[in-house]
Engineer: 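Take a look at the following structure, please.
Just so it is clear: chains get the letters A, B, ... in the order the sequence lines come, proteins before strands, and each one is counted from 1.
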Amino acid sequence: MDYNFREIEKKWQAYWADNHVYRTVEDPSKPKYYVLDMFPYPSGAGLHVGHPLGYIASDIYSRYKRLKGFNVLHPMGYDSFGLPAEQYAIQTGQHPEKTTVQNISRYRQQLDRIGFSYDWDREVRTCDPDYYKWTQWAFIKMFKSWYDNSLGKARPIAELVSRFEESGTSGVDAACGEKMEFTASQWNAMSEEEKEKVLMNYRIAYLGETSVNWCPQLGTVLANDEVKEGLSVRGGYPVEQKKMSQWQLRVSAYAERLLGGLDSLDWTDSLKEMQRNWIGKSLGTEVVFKVESGEKTKDVTIFTTRVDTIFGVTFMVLAPESDLVDELTAPECRKAVEEYVSYVKKKTERERISETKTVTGVFSGAYGINPLTGDRIPVWISEYVLAGYGTGAIMAVPAHDSRDYAFAKKFDLPIVPIIEGCDVSEQSFDAKEGKMCNSGFLNGMDVKEAIPAAMDYVEEHGLGHRKVNYRLRDAIFSRQRYWGEPFPVYYKNGIAQVLPMDRLPLTLPEIDEFKPTETGEPPLARAKNWSYEGHPLETSTMPGFAGSSAYYLRYMDPHNSEELVSSEANTYWRNVDLYIGGTEHATGHLIYSRFWNKFLYDLGYVCEDEPFRKLVNQGMIQGRSNFVYRVVGTNTFVSCGLKDSYQTTEIHVDINLVHNDRLDTELFRKWRPEYADAEFILENGEYVCGWAVEKMSKSMFNVVNPDDICDTYGADTLRLYEMFLGPIEQSKPWDTKGIDGVSRFLRKFWRLFYDGDRFIVTDEKATPDELKSLHKLIGKEQEDIEAFSYNTTISAFMIAVGELADCHKREILEPMVILLSPFAPHIAEELWHDLGHDTTVNYATFPEYVEAYTVENTCTYAVSFNGKTRFTVDLPKDMDKAGVEQKVLSMDQTAKYVDGKQIVKVIVVPGKIVNIVIR
RNA sequence: GCUUUGGUGGUGGAAUUGGUAGACACGAGGGACUUAAAAUCCCUUGGGCAGCAAUGCCUGUACGGGUUCAAGUCCCGUCCGAAGCACCA
C-alpha cells in the first residue's frame, strides 16, 4: 500500500475528535505548559496558507512538549466581534451573528483539516454572552476601582470614598484626570451628583470628555492604534479629531509598570522597543512662566526635557486646542487668533501629518517672563505644539530644537545659541553635547551636567519641578457600533451607574437595522426597551480589544459560570508560556492585555503579573503574484523575456493559470471573456509570466487556499512545508514549487516501513552507524525545536532518512516515528499503529539522546603550537581522512593544562594551525 | 528624522555563535529504468583557471577599511532593503 494521505488523515482526525484525544485537564502530577495562538477574527474570506503558519509552529511545540512529559494547554477560539461582520450586516440586513457563525464553522473545517492538537472543549468566542459576561464583569470592576500611585496598584473605589470622607484629597496620590483638591467637609457637603462627578475623575474605567479619533465613514471613534497615518486601519478612511464624551480606560496609570515589566519578558528586543516607544517615557521638568496679556497675568506651566537650554528661550508656544489660548489672547490679536484656530480645526489628522513641514502660527499678543532671566518673550500659537502631550505649552529654544528653529525662521524670531562653538546659521544644534555659554550659572558646564544642575536650580528656587511624562494615553473604550459588547451601564438622572453583577451578561438587543440612527446615534439607540429599571442603557459598545484582553484566562476555565477563572485553574496554568502571533498587535492587544491582566492581578483575581512569558512573532506569508504583459492597445500578450521591445501594461493573472511561471494560455483564454481571443508572443514556445512578492489577497489573484494543498499533497506535507520555508519570524513568499521536496520526503519515510503492500519492518539489531544517524537526529531535533528553528530540524530529518534509506529496523524506526509526530502527526499515528501500538503516539515519550552513539572512535594525536609539542589529545580517528580536516572537541574527558591553564577546546586544521582555547 | 532589524548562489535558506561558506530543499542541465508518461534512482550545479582523469589552484557572504593564526560572524565608515514611531518639546 502506498502512502495514502487522504485516507490516513481522515481516519486520524476522526479518531482524535471522537476520542477527545487532546482534551486537557489540570493534573498536578505533571508540569504545565501553556501554548497559545492569537485567536483569529473569522472573516468571510476563510483561511489562506498564511494564517496557519503560527498555528502550525505552536502545534509542533505543543506536541513536542507533550512528548517531553508536560501537561500542555493548547486552546483555540474566535475573536468574533468586529467591524466586517457589521459592515456586511448594514449592506445586506443579514444579522452579524449569522455570518459570524457561518464564518466560524468554515474556519473550524479548515483548521481541522490541518490536524491541530487543540482542546476544542475549551473553545471561546468573544461574541458569546457566556464569554462577554466576563468582559462586562471586568469593566464593572474597573469602574469600581481607582489607582493608588503610592501603592502602585488598583484599589476598590469604596476605599477612596472613605478616605475622602475622612480627610478629603490630602494624602491621596491617585491617578486621575485633572488635579483636584478638597477637604473632607467639602466632600461631605457635596451632592450625590457632584460626588459622582469627582469619582469619575478617579475611576479606572471612566466617562470623560476627550479629543478622539472620529471616523465619519465608519461612524465611530477609534483608538490610537487603530489609526495609521491619519487613516483608519480598517477601511483606510480619513480620521478627524473631535471632542466627545467617551468611556475610557486609565491605561496611563499603568505606564510605569507596563514599561518596567518588559524587562522580565522573553520577547524580541524589537517588540519590546516598540512598546517602550509607544509608552514613551521621558524625564523632564515642568517650569512655571508668568504670562501677561493686557492687564491680566497668569501662570503657565510648560514641560521640557531640556531645562538646561532655558537661557536660550526666545518665545513660547501654545497648542491651538489649549484652553489657555482663549484666556491669554490679547484683544487686538483676537481676530487673527480665532481665524487661525478655526483653520487648524478644519484640517483632518491626515492633512496635519502630511503638512508637517509647512510652519504655521499666530501671535497671541501675550508675553511671558522667563523665570530665570526675567526676559520678556512673546507667546505664539501653533499647531506644532500638541494639546495632548505635556501641558500643551512649551518654551521655545530655536537654537537647540529643530522645530522651534523652523518656527523662529518663519516668523523672524531671535535665535540665541547657548552651547559654545555651535553654528546655528543653517540649522539648530539638537545634540546633547558641548559646553554651555550665555547661560548664567550653567556656563562652562557640559550639557550632561547642566541638565540635572538646571533641574536642581528650578526646584530649589520654587520655579518648577521634575516631571515624568508618558506618551501613552488612556484607551478610548466606546465604539458607536452594534456588533460589540454592550456596556453594563445605565444612566440614572444623567449619572452613569453600572449594573449589578447578577444582571450579567447584558446581551445585545435585537434591532431591525444595523446602521447609526438618522440623528447620528449608535445603532443600539434603535433597540426597543433598551433600559434598566426604566433608566436608559448606554448605546455604544466596547471595542475589539475588549474581548481579546483576557481570553487567555478564560481558556483556563472556560465553562465556569461563577468566576472568570477559578483560583485552582489559575494557580495551575498561571500564565501563557509561549504566545505566537503577529507583530501587528504590538501596540494594541499586547498592551491592553498586559494592562487588563495587571489590573486583575491588583485585585487578586489572577496570580501572575504578566500574561505572556515568551512571545514569538511569526512572519507573514506573502503572496507570489504572476503577471502577463499586454501590448498597449491590443489583445496581444508578450512573454516576460520579450516585453522590453514593446510598450506593455502589466496585468495580474490568477496564479492557478500558471505553473512554474509558465502560463497555460488555453486556461487564460477561458478565464475572462475579454481574453477569449487573446494572442500570445511566446519565447521558446512558452509564455513566461513575470512575478512579484506582494500581500496575499484576492485582488492580486495570488491567494493559496490550504484546503487545496491538503487535497493534492496532504495536511502533513502542508505542515512540513510551511515550516521548511524558513525561520518562523521571517516574512517570506509562498512558493508552491518547493512543496514537492517535503512531499517526496514523506513518501521516502513511508518506504522505510513499506515496500509496496509489504510491511518490511524487522526486529534486527541496529548497527552503530544506524544508531549514530538516529541519535544525531534526536539531538538536533531537541536543540532546534527549543530554538524554534524548525526548518533545520526538517533538514536534519531529510538527511537522516537519506542515511537510513536501507534500514527497516524497528529499533531505529520506532523512535523516528515519535520524532516525526510533532511535524506530521497523521502519518506518524498510522505508522505507530502499524508498528503494533494501541495508544496514540502522543502519549509516547521523546526518545532519549545518547551522545555516546554520535562520538567517533578516537586515537591519540600529538598537538603542538608555538613550535613545540605541548601535549597529546584524543581526537576522532578519521581526523586525517580527507574531508574531515577539522574538529572541535570538548576537552573535558582529557582535561589538560598548559602553563597552568585549562584547555577548553582544541581546534585542529591539519597542516595549518592548532588553536588552543584556554581558560 | 528617530528606533529596531536585515543584506550569503538562479530561488527559499544553512553555517556548532570567531573555526572547511553555500547544509537541506527547489529550479536547471545530463543520465538510468520505461513502448511512453508518471513515479523512482544516479551525476553536475557560486564564479574563474588547469587536467584524459581522480583532482588541484585562485576568487567569492552589499561596498571600503580595521582587529585576529583565523571574520559571513567582532569594530569603524558608506550604500541599499524591511518594520515600527513620527511635530511627544
Engineer: Any chance you could encode RNA chain B as dot-bracket? Rule is Watson-Crick or G-U wobble with both distances under 3.5 Å; [ ] for pairs crossing earlier ones, | for another strand.
Structural biologist: (((((((..(((......[....)))((((((.......))))))(((((....)))))..(((((..]....))))))))))))....
Engineer: Between B:A83, B:G13, B:C24, spot the one nearest the side chain of A:I799, thanks.
Structural biologist: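 So the nucleotide nearest the side chain must be B:C24.
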Engineer: Quick one: does A:M395's side chain get under 4.5 Å of A:N370's, heavy atoms only?
Structural biologist: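 No. Closest side-chain heavy atoms not under 4.5 Å.
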Engineer: Among pairs that include at least one residue of residues 782-807 of chain A, which meet salt bridge (charged side-chain N to carboxylate O under 4.0 Å, His left out), considering only residues two or more places apart or in two chains?
Structural biologist: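 Those involving residues 782-807 of chain A are A:K776-A:E803, A:K780-A:D784.
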Engineer: Considering residues at least two apart in sequence or located in another chain, which fulfil the side-chain hydrogen bond (donor to acceptor under 3.5 Å, both in side chains) criterion with A:H589?
Structural biologist: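 Scan of A:H589 (side-chain hydrogen bond (donor to acceptor under 3.5 Å, both in side chains), adjacent residues dropped) gives A:Y579.
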Engineer: Can you check whether A:F407 and A:F315 have ring centres sitting under 6.0 Å from each other?
Structural biologist: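 Aromatic pair counts; centres sit under 6.0 Å.
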Engineer: May I ask you to say what A:E783 touches in the nucleic acid, namely base, sugar-phosphate or nothing, with a heavy-atom cut-off under 4.0 Å?
Structural biologist: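 Result for A:E783 = nothing.
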Engineer: Return the polar atom pairs (N/O with N/O) between nucleotides 40-45 of chain B and the protein under 3.5 Å, or none.
Structural biologist:
residue	atom	partner	partner atom	Å
B:U40	OP1	A:R747	NH2	2.9

Engineer: Check every strand shown and say whether A:N791 touches a base, only sugar-phosphate, or nothing at a heavy-atom separation below 4.0 Å.
Structural biologist: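 It contacts sugar-phosphate atoms only.
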Engineer: Expressed as a whole number of Å, how far does the C1' atom of B:C63 sit from that of B:U16?
Structural biologist: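 Nearest-Å result for B:C63 against B:U16 at atom C1': 29 Å.
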Engineer: In whole angstrom, give the distance that lies between atom CG of A:D740 and atom P of B:C26.
Structural biologist: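 It is 8 Å, rounded to the nearest whole Å.
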Engineer: A:V385 has a side chain; which of B:C24, B:A89, B:A83 sits nearest to it?
Structural biologist: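 Closest nucleotide among those given: B:A89.
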Engineer: Does the cation-pi check pass for A:R473 over A:W278, that is, NZ or CZ under 6.0 Å from the six-membered ring centre and within 45° of its axis?
Structural biologist: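 A:R473 over A:W278 ring: no.
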Engineer: Who pairs with A:Y849 by ring-ring contact (aromatic ring centres under 6.0 Å, His included), at least two apart in sequence or on another chain?
Structural biologist: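 Applying ring-ring contact (aromatic ring centres under 6.0 Å, His included) to A:Y849 gives none.
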Engineer: With A:D711, which residues qualify under side-chain hydrogen bond (donor to acceptor under 3.5 Å, both in side chains), at least two apart?
Structural biologist: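 Result, side-chain hydrogen bond (donor to acceptor under 3.5 Å, both in side chains) vs A:D711: A:R113.
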Engineer: Checking understanding here: a glycosidic angle within 90° of 0 is syn, the rest anti, so what is B:G7?
Structural biologist: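 Glycosidic conformation of B:G7: anti.
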Engineer: Atom NZ of A:K272 and atom C1' of B:G84: how far apart are they, to the nearest Å?
Structural biologist: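 These atoms are roughly 17 Å apart.
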Engineer: Which residues pass the side-chain hydrogen bond (donor to acceptor under 3.5 Å, both in side chains) test with A:T360, sequence neighbours left out?
Structural biologist: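 A:T360: side-chain hydrogen bond (donor to acceptor under 3.5 Å, both in side chains) contacts with A:Y340, A:E383.
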Engineer: Calculate the interatomic distance between A:K780 atom NZ and B:C24 atom P; express it in whole Å.
Structural biologist: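 So the NZ-P distance, A:K780 to B:C24, works out to 12 Å.
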Engineer: Given the P atoms of B:G64 and B:U8, what is the spacing between them in whole Å?
Structural biologist: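 To the nearest whole Å, 16 Å.
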Engineer: Suppose we screen for ring-ring contact (aromatic ring centres under 6.0 Å, His included). Which residues come up paired with A:F545, at least two apart in sequence or across chains?
Structural biologist: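 With sequence neighbours excluded, A:F545 shows a ring-ring contact (aromatic ring centres under 6.0 Å, His included) to A:F477, A:Y592, given in chain and number order.
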Engineer: Could you classify B:U20 for me, syn or anti, using a glycosidic angle within 90° of 0 as syn?
Structural biologist: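 Anti conformation here, the glycosidic angle of B:U20 being more than 90° from 0.
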Engineer: Within the 4.0 Å heavy-atom criterion, would you say A:P727 contacts the bases, only the backbone, or no part of the nucleic acid?
Structural biologist: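 Contact class for A:P727: sugar-phosphate only.
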Engineer: Ignoring backbone atoms, establish whether A:S282 has a side-chain N or O less than 4.0 Å from OP1 or OP2 of B:A89.
Structural biologist: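 Answer yes for this pair, as a side-chain N or O of A:S282 is under 4.0 Å from OP1 or OP2.
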Engineer: Strictly under 4.0 angstrom, non-hydrogen atoms only: write out the protein contact profile of nucleotides 1-9 of chain B, one letter per nucleotide from the 5' end, B, S or -.
Structural biologist: --SS-----
Engineer: Would you say A:Y389 places a side-chain N or O within less than 4.0 Å of OP1 or OP2 belonging to B:A89?
Structural biologist: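 Answer yes for this pair, as a side-chain N or O of A:Y389 is under 4.0 Å from OP1 or OP2.
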Engineer: With side-chain hydrogen bond (donor to acceptor under 3.5 Å, both in side chains) as the criterion, how do A:S282 and A:N469 come out once you've worked through the C-alpha distance, each side chain's angles and the decisive distance to 0.1 Å?
Structural biologist: CA-CA 5 Å; A:S282 60; A:N469 245 320; 5.7 Å; no
Engineer: If I pick the P atom on B:G72 and the same atom on B:A21, what distance separates them, to the nearest angstrom?
Structural biologist: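 Taking atom P in both B:A21 and B:G72, they lie 8 Å apart.
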Engineer: In whole angstrom, give me the gap between the P atoms of B:U68 and B:G81.
Structural biologist: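 That atom pair is separated by 35 Å.
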Engineer: Expressed in angstrom and rounded to an integer, what is the separation of A:K776 atom NZ from B:A23 atom C1'?
Structural biologist: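 Going from NZ in A:K776 over to C1' in B:A23 covers 12 Å.
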Engineer: Side chain of A:F724, heavy atoms from C-beta onward: which of B:A25, B:G84, B:A86 has the nearest atom to it?
Structural biologist: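 Among the listed nucleotides, the one closest to the side chain of A:F724 is B:A25.
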Engineer: What integer number of Å spans the P atoms of B:G9 and B:C57?
Structural biologist: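 Approximately 25 Å lies between the P atom of B:G9 and that of B:C57.
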Engineer: Checking A:A255 now: which residues fulfil side chain to side chain contact (heavy atoms under 4.5 Å, CB included) with it, not counting sequence neighbours?
Structural biologist: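 Expected list: A:I279, A:Y470, A:L472.
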Engineer: Assess the residue pair A:R276 and A:D269 against the criterion (salt bridge (charged side-chain N to carboxylate O under 4.0 Å, His left out)); give the C-alpha distance rounded to whole Å, side-chain angles, the decisive distance to 0.1 Å, and a yes or no.
Structural biologist: CA-CA 10 Å; A:R276 285 190 192 109; A:D269 289 340; over 6 Å; no
Engineer: OH of A:Y849 versus P of B:U16: gap in Å, rounded?
Structural biologist: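 A:Y849 atom OH is separated from B:U16 atom P by 16 Å.
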Engineer: When the C1' atoms of B:A70 and B:A50 are compared, how many Å lie between them, rounded to an integer?
Structural biologist: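 Looking at atom C1' only, B:A50 and B:A70 are 28 Å apart.
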Engineer: Both A:G280 and A:M274 contact RNA chain B. Which one's nearest nucleotide lies toward the 5' end?
Structural biologist: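 So the residue in question is A:M274.
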Engineer: Under the ring-ring contact (aromatic ring centres under 6.0 Å, His included) rule, collect the residues that match up with A:Y721, sequence neighbours excluded.
Structural biologist: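 A:Y721: ring-ring contact (aromatic ring centres under 6.0 Å, His included) contacts with A:W734.
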Engineer: Nearest to the side chain of A:K732 - B:C87, B:C24, B:G13?
Structural biologist: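 The answer is B:G13.
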Engineer: List in chain and number order the residues that pass ring-ring contact (aromatic ring centres under 6.0 Å, His included) with A:F753, two or more places apart in sequence or in another chain; answer none if no residue qualifies.
Structural biologist: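 Partners of A:F753 by the ring-ring contact (aromatic ring centres under 6.0 Å, His included) criterion, ordered by chain and then number, come out as A:F749.
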Engineer: Can you tell me, in whole Å, how much space there is between the P of B:C75 and that of B:G7?
Structural biologist: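 Approximately 14 Å lies between the P atom of B:C75 and that of B:G7.
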Engineer: What interatomic distance, in whole Å, is found between C1' of B:G18 and the corresponding atom of B:G27?
Structural biologist: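 So the two C1' atoms sit 34 Å from each other.
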Engineer: Distance check needed: B:C26 P versus A:L720 CG, whole Å only.
Structural biologist: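 So the CG-P distance, A:L720 to B:C26, works out to 13 Å.
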Engineer: Using atom CD1 of A:I794 as one end and atom P of B:A23 as the other, report the distance to the nearest whole Å.
Structural biologist: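 Spelled out: CD1 on A:I794 to P on B:A23 is 18 Å.
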